[in-house]
Amino acid sequence: MLTRLFLVGVLMSWFGLGITQNKPIESTIKLQRASGPISIDGYLEEPEWKMADVASGFYLHFPVDTTKATYDTEVRATFDDQNLYFSFVCYDQSADYIMQSLRRDFDWPLNDNISLYFDPFGDYTNGFGFMITPMGVQREGLVENGGDVNIDWDNKWYSAVQQYEDRWVAEIAIPLKSIRYNDDLREWNINFLRNHLRFNQRSTWIPVPLQFRASSMVFTGKLVWPENPPKAGTNLSVIPYVTANNSRDFENSTSPIRGVNAGFDAKIAVTPSLNLDLTVNPDFSQVEVDEQVINLSRFEFRFPERRQFFLENSDLFGQFGFPTSRPFFSRRIGIATDTLGNTEPIPIQFGARLSGKLGSDWRIGLLNMQTGQQESLGLPAQNYGVIALQKKVFDRSNIGFVLVNKQSMGIDESQPETFFNPEIRRTRIVDNDTIREFKPYNRVAGIEYNLFSSDNKWEGDFYYQNSFDEWTEDKNYNHGAFLRYQSRNFSLSYFHEAVGENFTADAGFVPRVGFNRFFLSPRINLFPKNPNIATHEFSISASHITDTGFLITDREYTARYSLNFIGSATFNAEVTRNYELMFFDFNPIRPKGDSVLIVGTDYTWNRARLAFGSDRRDIVNFDIASSYGGFYNGSLFNITGRLNYRYQPYVLLSINFDYNDIRLAEGFGEAKFFLIGPRLDLTFTDKLFLTSFFQYNNRLDNVNINTRLQWRFKPVSDLFLVYTDNYVPNSFEVKNRALVLKLTYWLNI
C-alpha cells in the first residue's frame, strides 16, 4: 500500500511539473547597502530611498486579474548589517481608509493594508509575511505550504506611517535576527500584496491568477542581494514573565487561591535558519479563551492552538496526516479533559523545540515537553517527544518523516488508585480474572509525500503511519491520499483515508478510528463580465465512510452554489443528503433526556442551507446562515451568524449566535440549544487594547465572561490584566472566578 501511494505521488509530481500556465513575470529588486542610518519615521528622505530600485505597476488580483490596479503602489528596499528595510507608497484618491481597529494582528480582509511575502530559502514553500495598515498597525506571519499564512507567529520589527491627501507612506525595518534565512542565498523569492478595501481591490507586484491565493510563493519576483546576506550574528532572546493571580472555586466552596509565579522562554538562533526555543514553567493565562461551539456531531471538535511557544514552524510538527487523523496535536500538551468534558490545565515544567532549515533542502523539528503529575485527573507526569524531518524533492514537493512519543513517568502499579485515568489504565476480564493494565507509552511513526507542482495546478498528500503501545499489536495503521487539480475554471479534489481500529495517537487528534473514507468533489468557477458579480462557483461532493470491513456507515452528498459580489457581499446555497449508521449508542440532544439512538440503527435525511454575508466594508455588516431538514429520526432548524459594528478605528462590537431547534421522533425528545457571544474590542491606541468576551451556552448551562487588558509597552513586551468569571445562567450564582496580572518582557542579549 505504501509503495503504491508513493508511486502515485511521484508520477503526479512529474506530471504536474510538465504542465505550464501563466508563468510569473520575471521581475527583480536589486538591493543596495545603506550608506548611513535609516530613520523609521515614514518620511523617505534618506538618499538610499531615492537611489533604490522601484517595484511598481501592480496588477489586479481581485475582482479581476486582467488589468492594472486603479491606484498604483511603489515599493523600495535597502539593508544594512542589522536590518532589512522596505518603504511603501500607496497612492489613493483620499485618506478615507477602512479600518476595523487598531489591534495588532488585524483581520487582513477587513482592513486596508500593504503586505510583503518573501521566501529566504528558495524553496517556494516557506517564508515570512509582514503587513501594515494606513494607521500603522502591524501584522506578521509565517508562510507555510507554499502560500498559507499563519499569523499566530509574533516577532520584533519596527514601522512608521505617514498619511497624505493622495497617498499613505509606510516604512519598516525587519531585524535580521527576527527571521530565519539562508545566508548563502543571494536571491529571495518575494511579492507584494495591497488590499485596497474601499474599491474592494487586491493587487500584486507580480501578477497572480485569480484562482490562486495572492500569497502563493509560486508567483514571485526576486529580491537580489549584491553579496551574501549579512550573518545575523549572536541571536539570543530571553522572554521572562511574572504573574500574580487570585482565583476561587465557589462551586466546591474552596478558599481563595493567591500566588505569584514566574518562568521564561528563550529563543536561540543556532544558525540563521535554525532556531532553538526553550521554556521553563510556561504560563498561558493571557491566551484568549476558545470561542465556544454547539457540537451536534458524534465526535470531538478541534479547537485551534493559540499558545505562542508552539506556533513557529507549527506546520512541520502538526500537519502530518489529515485534519481528522493527526499524529501530533500540540493542544494535547498541558490541557486535559475531565469526566464532565471541561478542559483543565496541566502544569508544563519545561520544554525545548529545535526547528528550521538544514541547508537548502532539509527542514528539521525536534520537540520535548515535560508535564507534571495531575492527581485530580489521575494522570502521572508525562513526557512528549517529536522528531520531524522534511526533505525537498523536485521544485516544491517534499518527503517527510515523523516520530511521536508520549511516555508516562513514575507509574506505580502497586497504587492503582493514584493513576486511574483510562488513557493510561484499563481493566480487562481474562479467564474470569480481573486484569489491571497500565500503558507506559504510546508512539506513532509515519512517512509522508507532499506534492506541490511548479505551476501550482497540482497539490497532493500521501502518507502512512503506524502506532505502537503495549495494548495493541495489529490494526494500528493510518494511511491516506489526497490529490487536487486546479485550473482557472475547474478543480477536482479526491482523497481517501483509512484508520485502523487500534490506531492510537495519544499526543494527536484522532476523533474516530476503524474507518475508511472516500471523497470526491468537482468544482466549476465562472468569472462573468458583470459590474456587480465577481465569481460564480458550482460544486458537488460525495463522501462515503465504511468500517474496516467496507460496510457503509456514513454517506453525504452535497450540491453547492456560491456567488461573490464585486462589493464583497457573498451568497451561498447548498442541499445535502446524509446517511449514518450508529456503531455506538448516541444521544444527539445530550445532556438532555435519554434520547439514545441504539447501536445498529441507521438514519437517512435531507437538509437545505442558505447563507448571506453583507458588504464587509459597511460600518454595520453581518453574516447569517440558516438550514432546515432532517436530523437522524427527526428534524433540525438552525440559524447562525454574526453582527458587527465598528466605530473605526477604536471600537468593534460583534455578536455571534447559534440557535438549534431539534425535534426527534416521538419518544426520543426535543431540545433547543442556544449560544450567544457578544464581544467588545476597544483599541485606545495601537499599543493599548481591551477585549471583553461574553458567552452564554445553554447546552453547557454556563455563562462565561473573559476580559483582557493588554498594554504593549515595548515591541513584543506586554502587561496583561485578565479577568474570568463563570456563572449559573438562571440564578447568576458564581461558579468560579479568577484575576491574573502578567508581565512579559522581550530581552535581546
Side-chain angles (χ1 to χ4, degrees), residues 117 119-129 140-155 179-182 215 217 265 267-279 302 304-323 325-333 351-369 384-393 396-406 443-452 459-465 482 505 507-509:
Y117 304 104
D119 158 26
F121 310 113
D123 59 11
Y124 297 92
T125 305
N126 302 285
F128 300 89
E140 68 276 282
L142 297 176
V143 179
E144 304 168 347
N145 299 320
D148 298 334
V149 182
N150 178 359
I151 68 160
D152 292 320
W153 175 71
D154 277 337
N155 221 308
I179 60 175
R180 317 287 170 244
Y181 58 93
N182 183 350
S215 55
M217 287 287 97
D265 292 344
K267 301 176 78 68
I268 305 168
V270 179
T271 71
S273 58
L274 191 63
N275 192 70
L276 174 64
D277 291 281
L278 303 173
T279 187
R302 185 180 187 272
E305 176 63 88
R306 301 180 186 275
R307 296 171 295 178
Q308 183 63 32
F309 179 82
F310 296 101
L311 296 178
E312 184 170 355
N313 291 315
S314 60
D315 67 305
L316 182 58
F317 295 94
Q319 291 193 7
F320 284 90
F322 287 167
S325 54
R326 301 290 194 202
F328 177 71
F329 179 40
S330 59
R331 275 181 67 110
R332 298 298 187 211
I333 304 175
R353 201 170 65 114
L354 180 70
S355 63
K357 298 277 285 190
L358 290 175
S360 59
D361 293 338
W362 286 90
R363 294 178 76 199
I364 185 172
L366 303 175
L367 179 144
N368 188 270
M369 303 290 290
Y384 298 79
V386 184
I387 300 174
L389 289 172
Q390 199 176 83
K391 172 70 167 63
K392 177 185 173 184
V393 294
R396 302 175 62 225
S397 303
N398 59 73
I399 294 177
F401 309 87
V402 66
L403 175 63
V404 182
N405 180 62
K406 181 180 179 180
R443 296 175 187 134
V444 179
I447 184 171
E448 189 156 352
Y449 174 71
N450 293 291
L451 161 67
F452 298 100
E459 182 178 348
D461 187 2
F462 310 85
Y463 72 90
Y464 185 89
Q465 299 164 9
F482 161 74
F509 182 80

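The line from CG of Leu278 to CZ of Arg353 is 11.0 Å long, rounded to the nearest 0.5 Å. Atom OG of Ser330 sits about 10.0 Å away from atom CZ of Phe317, to the nearest 0.5 Å. Here the OH-CD1 distance, from Tyr449 to Ile399, works out to 7.0 Å after rounding to the nearest 0.5 Å. Atom CG of Leu389 and atom CD1 of Ile447 lie 11.0 Å apart (nearest 0.5 Å). Annotation: the span from Met217 atom CE to Tyr124 atom OH amounts to 10.5 Å, rounded to 0.5 Å. From Lys392, atom NZ reaches atom CG of Asn126 across 10.0 Å, with rounding to the nearest 0.5 Å.
Lys357 is not listed as a side-chain neighbour of Asn182, based on a closest heavy-atom distance of 4.5 Å or more. Annotation: side chain of Phe310 is not in contact with side chain of Asp277 (no heavy-atom distance under 4.5 Å). Looking at Glu448 and Val402, their side chains never come closer than 4.5 Å, going by heavy atoms from C-beta outward. A heavy-atom distance below 4.5 Å is not found between the side chains of Val143 and Asp119. Contact of the Phe482 side chain with the Leu451 side chain is not registered, since no non-hydrogen atoms from C-beta on lie closer than 4.5 Å. The closest side-chain heavy-atom distance from Phe328 to Val444 is not below 4.5 Å. A heavy-atom distance below 4.5 Å is not found between the side chains of Val404 and Phe320. Side-chain contact between Met369 and Thr279 is present, with at least one heavy-atom pair separated by less than 4.5 Å.
Smallest separation of non-hydrogen atoms from Gly147 and Ser215: O-OG, 2.5 Å. Pairing each heavy atom of Gly321 with each of Asp461, the nearest pair is O-OD2, 3.7 Å. Closest approach of Phe121 to Ser273, counting heavy atoms only: CE2-CB, 4.0 Å. Of all non-hydrogen atoms in Ser314 and Glu144, the two that sit nearest each other are OG-OE2, 3.8 Å. Across every non-hydrogen atom of Leu316 and Ala388, the tightest pair is O-CB, 3.6 Å.
By the ring pair (Phe, Tyr, Trp, His ring centres under 6.0 Å) test, Phe509 pairs with Phe329, sequence neighbours left out. Take Pro120 and apply the side chain to side chain contact (heavy atoms under 4.5 Å, CB included) test, not counting sequence neighbours, and it matches Phe118, Phe128, Tyr181, Trp188.
With hydrogens and angles ignored, the 3.5 Å screen pairs a side-chain donor or acceptor of Arg332 with a backbone N or O of Gly508.
A salt bridge links Asp315 with Arg363: the closest approach of a Lys/Arg side-chain nitrogen to an acidic carboxylate oxygen falls below 4.0 angstrom.
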Open item on the list: ring-ring contact (aromatic ring centres under 6.0 Å, His included) for Phe322 and Tyr463? Distances and angles first, verdict last.
Closed with: CA-CA 9 Å; Phe322 287 167; Tyr463 72 90; 5.0 Å; yes
Task: Arg180 and Leu274: CA distance, side-chain angles, deciding distance, side-chain contact (heavy atoms from CB on, under 4.5 Å) verdict - done: CA-CA 7 Å; Arg180 317 287 170 244; Leu274 191 63; over 6 Å; no
TODO: Run the numbers on Ile387 and Phe401 for side-chain contact (heavy atoms from CB on, under 4.5 Å), then give the verdict.
DONE: CA-CA 8 Å; Ile387 300 174; Phe401 309 87; over 6 Å; no
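Side-chain N/O atoms of Asn398 and Thr125 include no donor and acceptor closer than 3.5 Å. Using modelled atom types and a 3.5 Å distance limit, the side chains of Asn450 and Gln319 yield no donor-acceptor pair.
Few gaps surround CG on Leu276; more than 12 heavy atoms of other groups in view lie less than 6.0 Å from it.
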